[in-house]
Asks: 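First, the structure itself, so that you have it in front of you.
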Amino acid sequence: MENSANVKRKRVSEDSPGRTPPSQLQQKRIKLLDSRKQLPIWQRQKDIRDALRDHDVLILSGETGSGKSTQVPQFLLDQPWCRFPGKIAVTQPRRVAAISLARRVAEEMGTPLGSSSPASKVGYSVRFDESTSPSTRIKFLTEGMLLQEMLRDASLRQYSCVVVDEVHERSVNIDLILGFLRQLQTRRKGLKVVVMSATADVGSLRRFFAARLPEYAQPDQKTTSDRSQEDDALETDANDASWHGFSDEDSHDSGSDIATCHVEGRQYPVVTQYLDTPTEDTIEASLHRIFQIHCKEPTPGDLLVFMTGQETIQSLQKLIEEYALGLTADYPRMLVLPLFAALPQAAQQQIFQPTPRNSRKVILTTNIAETSVTVPGVRFVVDTGKAKVKQFRNRLGLDSLLVKQISQSSADQRKGRAGREAAGQCYRLYTEEAYKSLDKDNTPEVLRCDLSQAVLTMKARGVGDVLAFPFLTPPPKEAMEKALLQLLELGALDEHGKISPIGRKIARLPLTPALGRVIIEAATPEMDCLVEAIDTVACLSVEHIFLAIDTEEGREKAQVARRQLLRRQGDHLTYLAAVQAYAAEPSDRRRWAEDHMISHRAMQSVMDVRKQLTAQCRQAKLLQKQEAHPAADEATQERIVKCFLRGFSANVARVCPDGSYKTFAGNQTVAIHPSSVLFGRKGEAILYNQFVYTNKAYARDVSVVQLRWLEEALQ
DNA sequence: GAGCACTGC
């Protein structure tokens, strides 16, 4: 263990280069102690220590502002049970949170951060950035990083305690970690687990940790078949959060080894207003409400409007700006700012600029502002009550992305955004009855996604019978079986369901199993195109590299700017050309990206992923001294696409006489997505990486394939 | 001829 920790320490981190003198660190610590004592959780210090002295599991609920993420690890550090092996892991859903919490806790403890000093007691570990020291006691890390650590040591032997934060978010990774910890506690006595959630209702978590293992691992048969019917009907609402693996009936609550604790949050009051009658037109209703608030309420006080996506945000922005022209000079000025993930970084930064005097920011946002981005200065929230939700359909192997009603907890989260700095107001553009009829919680991601990666994650960490894995919310059996079949087809599992050597290699890669399989295929002597495959796969595993353009004129400009990069064979080879050209650019890469209307931010991530994949392939002995082939080599290009065929053999469609495409697997009609270079073109058959239903079924990331390649692949 | 919310290894 110590060895691997030392090796990791050599990796880069972004700590401040100069070391802070110890006396300054202590001064800062003493100064911060006063504000720590003001936190609601400070009073509960003894309760929390006692709870974990007497129990192995603590479920801690507390809203934002309680201070639980920073204080709980510090409360536990000097406890006798925490002396050996001595480390505390605290998981976080997002990289920025892991890093900033580590920085804050290091300051509060008066210790240097991470790798800046061998004496540092607090560190962090996120992808591409690890900052720990030999003395690290508290480590903040993303959920994915903890799962990666479990590949090296499934028993997590360096930790005395694992704290899982933000459990209410219910990502697949959180559910996997909870299941692993639940299993681990039966064979590693003394491992303490703290589960922290913003939701006060912790009944299902309690039952989960209290139940005897074999009994609750069985999925509920009745509910499973209900869900599979729903799966057939594309349009039905599958957002049924009332479905839980842990209903009161299957509770085996002994309660003996589980402590629970609730901590008050620290929020200003927020007044909620509902509509008297429901509305169909949320854009119109938002427009109306925004101007009402703006004309009636004093400044300062910014306004945050929750919408579904880029398109609705941009049309509402246009409407507001038109209407704002009619406002007299008596009213404050209005600054309308959109906020969504695809927005370039510079535009996103605008929301952090201070609002000028006598003006009001009106921020139109997706649910990025619900959890990931905290917008300062907000006193008013307008909530349309809707969000786009992704749902995987097993039968069709298709992701749908449709507008759905949000859950109550999501609505409450949005409302809370108005009360972070002062008392606020929240206007819900739906009736109070509608609110009461919403699902209580968000549907856990594990019920909404392709499970192949989760299943391979389990297999690689020693879970033999994945159908018996303790899920907080067991997915339908069909979904698990579909994932097992897909892994078998990829050769990641053998016919007995055991993980194969190929499967182990794929599981180490930070990729979906299908993309991982492409890498493995490309490394074979027959295919011999690993360098190219890494570049292409790296591009496919980050956000879209081509900047979105919304005018006809812009599109023509983009066509010209990108002309040398576009490949008639399709998106895969186009991405490869773009990565190769970017990587070969000797001087100003930012300039190159601008010239080609490519996102520099996306290309930087591509280069990070490329570096990581290259290192991992070298470690796995997949990559020896292989060099890139000349760019124009057509035989290589053909082999690259064939490698993708190995990973995505189910994602193939043939052209029909009417010019549409139909999938081989399910005879589904599929259209080439407008973002593809093949949009509007025809080939005898296409291969695609993603199959997404929005307003119709689209293939994304598409290349032309020949029918005889498919026959070869089937041999 | 139409465009995907958000995380993460």
Side-chain angles (χ1 to χ4, degrees), chain A residues 91-98 125-130 141-151 166 169-174 176-177 239 306-315 339-343 365-373 384 386-391 399-404 406 410 413 442 445 448-449 453-454 456-457 460 506-513 515-516 537-538 541-544 546-552 554-555 605 608-609 612-613 615-616 659-660 671-676 678-681 690-701:
Chain A
T91 69
Q92 290 296 321
R94 283 165 285 278
R95 298 158 47 97
V96 271
S125 172
V126 300
R127 190 180 184 184
F128 308 128
D129 188 5
E130 163 134 8
L141 69 182
T142 46
E143 291 139 9
M145 286 307 281
L146 187 73
L147 289 170
Q148 282 302 112
E149 288 191 2
M150 291 190 73
L151 276 180
E166 313 280 12
E169 291 193 15
R170 294 298 303 278
S171 63
V172 175
N173 282 350
I174 286 178
L176 288 173
I177 286 171
N239 190 7
F306 283 98
M307 317 267 305
T308 52
Q310 188 173 341
E311 199 184 328
T312 47
I313 286 173
Q314 283 166 344
S315 53
L339 177 63
F340 46 87
L343 198 68
T365 183
T366 62
N367 49 12
I368 191 173
E370 205 180 295
T371 48
S372 308
V373 177
T384 59
K386 291 181 162 63
K388 277 186 186 167
V389 178
K390 199 148 118 175
Q391 171 88 44
D399 262 322
S400 63
L401 190 68
L402 301 171
V403 173
K404 296 270 167 77
I406 60 171
S410 190
Q413 182 77 25
N442 294 342
E445 192 189 3
R448 297 188 288 110
C449 74
Q453 197 166 9
L456 188 61
T457 297
I506 295 174
R508 299 196 80 95
L509 297 169
L511 298 169
T512 60
L515 282 176
V537 165
S541 73
V542 308
E543 55 178 309
H544 199 60
F546 293 117
L547 288 171
I549 292 140
D550 39 21
T551 62
E552 184 62 43
R555 267 189 295 277
S605 331
D608 282 337
V609 177
Q612 188 183 31
L613 290 176
Q616 283 178 332
S660 69
I672 295 175
H673 194 275
S675 66
S676 169
L678 291 183
F679 182 73
R681 300 188 185 202
Q690 297 180 68
F691 188 21
V692 188
Y693 187 95
T694 53
N695 64 351
K696 64 180 183 181
Y698 285 106
R700 298 197 56 155
D701 299 327

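Hydrogens, waters and symmetry mates are skipped; everything else that's a heavy atom, side chains included, is used. Lettering follows sequence order; numbering is per chain, from 1.
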Asks: Mind checking if A:His673 touches a base, just sugar-phosphate, or nothing, with heavy atoms under 4.0 Å?
Replies: sugar-phosphate

Asks: Counting any heavy atom closer than 4.0 Å, what does A:Ser171 reach on the DNA or RNA strands: base, sugar-phosphate only, or nothing?
Replies: nothing

Asks: Please list, in 5' to 3' order, the outermost nucleotides of DNA chain B lying under 4.0 Å from any heavy atom of chain A.
Replies: B:dG1 to B:dC9

Asks: Using the rule given for side-chain contact (heavy atoms from CB on, under 4.5 Å), can you reason through A:Thr366 versus A:Phe306, listing the C-alpha separation, both sets of side-chain angles and the distance that settles it, and then say yes or no?
Replies: CA-CA 6 Å; A:Thr366 62; A:Phe306 283 98; over 6 Å; no

Asks: When we call it a touch if two heavy atoms are under 4.0 Å apart, what does A:Asp399 touch: a base, just sugar-phosphate, or nothing?
Replies: nothing

Asks: How about A:Arg508 and A:Gln148: does a side-chain donor come under 3.5 Å of a side-chain acceptor?
Replies: no

Asks: Determine the contact category for A:Arg95: base if any of its heavy atoms lies under 4.0 Å from a base atom, sugar-phosphate if only primed atoms, P, OP1 or OP2 are that close, otherwise nothing.
Replies: sugar-phosphate

Asks: Reckon A:Gln148 touches a base, only the sugar-phosphate, or nothing at all at heavy-atom distances under 4.0 Å?
Replies: sugar-phosphate

Asks: Side chains of A:Leu176 and A:Thr457: does their closest heavy-atom pair fall under 4.5 Å?
Replies: yes

Asks: Looking across every strand, which nucleic acid part, if any, lies under 4.0 Å from A:Leu401 by heavy atom: base, sugar-phosphate, or nothing?
Replies: base

Asks: Heavy-atom nearest nucleotide on DNA chain B for A:Gly144 versus A:Phe340: which residue maps closer to 5'?
Replies: A:Phe340

Asks: At 4.0 Å (heavy atoms only), tell me whether A:Thr142 reaches a base, stays on the sugar-phosphate, or touches nothing.
Replies: sugar-phosphate

Asks: Between A:Arg94 and A:Glu169, is there a salt bridge with N-O shorter than 4.0 Å?
Replies: yes

Asks: Please work out if A:Glu149 contacts a base, only the sugar-phosphate, or nothing of the nucleic acid, heavy-atom cut-off 4.0 Å.
Replies: nothing

Asks: Going by side chain to side chain donor-acceptor pair (under 3.5 Å), name the residues that satisfy it together with A:Asn173, two or more places apart in sequence or in a different chain.
Replies: none

Asks: For A:Ser541 and for A:Thr694, find the nucleotide of DNA chain B with the closest heavy atom, then tell me which residue's nucleotide is more 5'.
Replies: A:Thr694

Asks: Scan A:Leu511 against the nucleic acid and name what it touches under 4.0 Å (heavy atoms): base, sugar-phosphate only, or nothing.
Replies: base

Asks: Contact class for A:Phe679 (heavy atom, under 4.0 Å): base, sugar-phosphate, or nothing?
Replies: base

Asks: Any luck finding a side-chain donor-acceptor pair between A:Ser410 and A:Glu370 under 3.5 Å?
Replies: yes

Asks: Measure the shortest side-chain to side-chain distance between A:Leu613 and A:Leu511 over non-hydrogen atoms and say whether it is less than 4.5 angstrom.
Replies: yes

Asks: Select base, sugar-phosphate, or nothing to describe what A:Gln310 touches, counting heavy atoms under 4.0 Å on all strands.
Replies: sugar-phosphate

